[in-house]
2 protein chains.
Amino acid sequence: MDAYKFIKDAIILGKYEPGMRLGEETLAKELNLSRTPIREAIKQLEAEGLVIPLKRGVGVRHFTKEDIREIYDLRSLLESYAASQAAVNRTEEDLIELKTANELYEQAIHDHLQSDMTSIRKIVKVNQRFHEAIVSAAKNKHLHFHISKVVVIPIVFRSFYWYTDFHLQQSLEVHKIIFNAIENKEPERARIAMHEHIFQGRDNVLKHLDDIKISHLFKEEIK
Amino acid sequence: MDAYKFIKDAIILGKYEPGMRLGEETLAKELNLSRTPIREAIKQLEAEGLVIPLKRGVGVRHFTKEDIREIYDLRSLLESYAASQAAVNRTEEDLIELKTANELYEQAIHDHLQSDMTSIRKIVKVNQRFHEAIVSAAKNKHLHFHISKVVVIPIVFRSFYWYTDFHLQQSLEVHKIIFNAIENKEPERARIAMHEHIFQGRDNVLKHLDDIKISHLFKEEIK
DNA sequence: TATTGACTTATTGTATACAAACCAATAAAT
DNA sequence: ATTTATTGGTTTGTATACAATAAGTCAATA
């Protein structure tokens with residue numbers, strides 16, 4: 001298996017504690033590979049900022065509350081812009097994908113049962129699909145590239161864990177507004193709605209993050 | 001010497017043609033290193049998008065006119081935001097650095113002689129210092145991280161080559177406006193000025209880029 | 001008891017050898 | 001003549017060995 005993907009997934013799933021020292025040898029054994037491909041994977045992950053060099057070896061990067069604030073600011077800036085550009089550049093195909101993603105999202109929320117992890121994961125997935133569709137519709141590959149790097153981080157600290165039914169309902173409404181604005185080619189309305197949407201998410205996360213360390217509440221869901 | 005730095009500098013200086021196939025062995029020989037550290041460097045550069053995997057080996061990424069448009073859009077978005085945030089978060093120290101950078105910029109432009117490469121490079125350098133100071137003053141490490149990746153690319157295709165005296169004079173004026181806005185804590189004015197500034201740069205580059213390939217007009221300046 | 005220094009061990013950095021994949025060119029067959 | 005197969009050389013992918021360096025440990029001394 002590909003070392004880069006494996007380690008990245010492991011980080012996203014929270015398999016490794018932030019700050020925890022990962023030895024090359026250990027990772028190599030775990031993956032039945034030699035150190036060489038492991039090192040390359042790590043270099044890539046370093047360049048993406050998911051992993052940092054430690055005294056000896058590397059560690060999953062530990063994100064502070066300050067980081068979270070900064071990342072959401074940045075993400076909001078980028079995705080709001082993507083939404084506005086989507087409203088300008090979207091094709092009919094984009095619109096179809098957007099519509100599908102949103103219908104699936106509505107469905108997933110409808111089917112959702114409080115604190116059922118399977119249905120939460122489903123929601124996370126279709127939510128990602130909707131956001132991805134918007135970024136695609138914006139037709140800017142470089143924007144896309146950078147957003148994809150920024151978006152990973154909230155996943156690492158389990159932002160979705162704190163979704164409440166109220167928040168989900170609210171999200172659904174905003175998604176609809178965003179879709180509508182993009183459909184009707186109203187960039188400014190799309191931008192504002194997206195901005196609001198992401199800040200709702202941010203506030204929701206920050207509320208639950210008063211100096212608890214964000215680590216790993218989902219150990220059981222890791223194979 | 002560090003392989004990552006070496007190769008990156010070589011790309012920025014235009015030592016390698018875009019799309020040109022770079023073999024690991026060749027690079028290794030050039031640097032008196034084995035392939036192992038070279039491969040790591042390449043993986044990092046790939047993650048930054050400066051280099052792409054080719055049929056055989058890697059190549060310096062070739063940026064099209066479309067890329068340039070996208071990159072400047074993105075850069076403008078990010079740096080305008082940085083300017084507005086700088087106007088909010090700047091400290092007194094930031095202000096001093098900003099002032100210094102701007103005075104050096106004025107000096108450099110004043111000393112500038114048409115098409116003298118040494119003085120052009122001087123201008124480029126202090127210009128970078130000014131922009132860097134703004135991003136620092138914005139106090140958002142993640143924003144900083146992504147801007148630094150975006151900013152490299154215009155350097156790769158020698159945007160400064162086409163600076164005219166008129167453009168330089170214009171730049172100086174805008175720099176002053178930006179500084180002023182940040183000093184007086186006027187985020188919106190800073191944002192707009194920065195946006196305008198970067199778009200002037202963009203238009204200037206695009207004007208000169210009608211499907212010539214941007215490659216490497218400065219071979220002689222490379223050791 | 002704390003601190004320094006030497007020694008031991010663990011971990012990364014680099015080189016190199018070999019395996020696998022790939023491209024190209026040439027030869028054979030239709 | 002055109003297409004397909006085969007083979008040779010080049011280039012990357014992976015493993016492994018060894019060198020360099022940093023960390024940890026324990027004892028000796030202040």
Side-chain angles (χ1 to χ4, degrees), chain A residues 1-63 145 149 156 213 215-216 222-223, chain B residues 1-63 145 156 213 215-216 223:
Chain A
M1 190 195 178
D2 183 33
Y4 169 78
K5 245 184 127 63
F6 180 92
I7 299 173
K8 185 167 180 179
D9 283 353
I11 291 171
I12 288 173
L13 285 172
K15 189 170 173 184
Y16 308 123
E17 214 73 31
M20 172 184 181
R21 290 222 300 266
L22 305 174
E24 295 176 0
E25 197 75 46
T26 322
L27 288 169
K29 232 159 239 162
E30 194 173 359
L31 273 158
N32 269 74
L33 281 171
S34 79
R35 278 175 49 216
T36 316
I38 302 293
R39 309 196 81 223
E40 286 174 11
I42 286 172
K43 274 279 140 68
Q44 254 178 285
L45 289 165
E46 258 176 43
E48 296 179 16
L50 269 182
V51 124
I52 47 164
L54 243 44
K55 283 166 290 191
R56 205 71 196 214
V58 293
V60 176
R61 172 122 188 237
H62 179 250
F63 294 102
F145 179 82
K149 300 281 176 259
V156 173
K213 70 166 170 327
S215 63
H216 292 107
I222 298 150
K223 38 60 280 250
Chain B
M1 191 197 179
D2 183 34
Y4 168 78
K5 242 182 130 63
F6 180 92
I7 300 173
K8 185 167 180 179
D9 283 353
I11 291 171
I12 288 174
L13 284 173
K15 189 170 174 185
Y16 309 123
E17 215 72 33
M20 172 185 182
R21 289 224 293 271
L22 305 175
E24 296 176 359
E25 198 73 48
T26 321
L27 289 168
K29 233 160 239 162
E30 194 173 358
L31 273 157
N32 269 74
L33 281 170
S34 78
R35 278 176 50 217
T36 316
I38 302 292
R39 308 196 81 222
E40 286 174 12
I42 286 173
K43 275 279 142 63
Q44 255 179 286
L45 290 165
E46 258 176 44
E48 295 179 18
L50 269 182
V51 125
I52 48 165
L54 243 44
K55 281 168 293 193
R56 210 69 192 238
V58 293
V60 175
R61 172 121 188 236
H62 179 251
F63 295 102
F145 179 82
V156 173
K213 68 162 174 309
S215 64
H216 292 107
K223 70 287 130 140

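Naming convention: chains lettered A, B, ... in sequence-line order (proteins, then strands); numbering from 1 in each chain. FYI, side chains are in, hydrogens and waters are out, and symmetry mates aren't considered; it's all heavy atoms of this structure.
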> Given atom CD1 of A:I38 and atom P of D:dT14, what is their separation to the nearest angstrom?
Replying inline: 10 Å
>> Just to verify, what does A:Y4 make a side-chain contact (heavy atoms from CB on, under 4.5 Å) with, not counting sequence neighbours?
In response: A:D2, A:K8, A:A41, A:Q44, A:L45, A:E48
> Within this structure, what is the CG-to-C1' distance between B:L31 and C:dT14, rounded to whole angstrom?
Replying inline: 14 Å
>> One pair to check against side chain to side chain contact (heavy atoms under 4.5 Å, CB included): B:L27 and B:Y16. What are the steps and the verdict?
In response: CA-CA 11 Å; B:L27 289 168; B:Y16 309 123; 3.5 Å; yes
> Would you say B:S34 reaches C:dA15's phosphate, i.e. side-chain N/O to OP1/OP2 under 4.0 Å?
Replying inline: yes
Nucleotide N/O to protein N/O under 3.5 Å, stretch nucleotides 10-12 of chain C:
{"unit_1": "C:dT11", "atom_1": "O2", "unit_2": "A:R56", "atom_2": "NH2", "d": "2.2"}
{"unit_1": "C:dT12", "atom_1": "OP2", "unit_2": "A:E24", "atom_2": "N", "d": "3.3"}

> Considering heavy-atom distances to DNA chain D, does B:T36 or A:K55 have its closest nucleotide positioned more toward the 5' end?
Replying inline: B:T36
>> Which residues pass the side-chain contact (heavy atoms from CB on, under 4.5 Å) test with A:R21, not counting sequence neighbours?
In response: A:L54, A:K55, A:R56
> Over how many whole Å does the gap from A:L54 atom CG to D:dA23 atom C1' extend?
Replying inline: 13 Å
>> My understanding is that only residues two or more places apart in sequence, or in another chain, count here; which of them pass side-chain contact (heavy atoms from CB on, under 4.5 Å) with A:S34?
In response: A:T36, A:P37
> Between A:N32 (CG) and D:dA15 (C1'), how many Å, whole number?
Replying inline: 13 Å
> Under the salt bridge (Lys or Arg N to Asp or Glu O under 4.0 Å) test, which residues partner A:E46, sequence neighbours left out?
Replying inline: none
>> Output the rounded distance in Å from CD (B:E46) to P (D:dT12).
In response: 12 Å
> Taking only residues two or more places apart in sequence or in another chain, which ones pass salt bridge (Lys or Arg N to Asp or Glu O under 4.0 Å) with B:E30?
Replying inline: B:K15
> Starting at the 5' end of DNA chain C, which residue's closest nucleotide do you reach first, B:R21 or B:E40?
Replying inline: B:E40
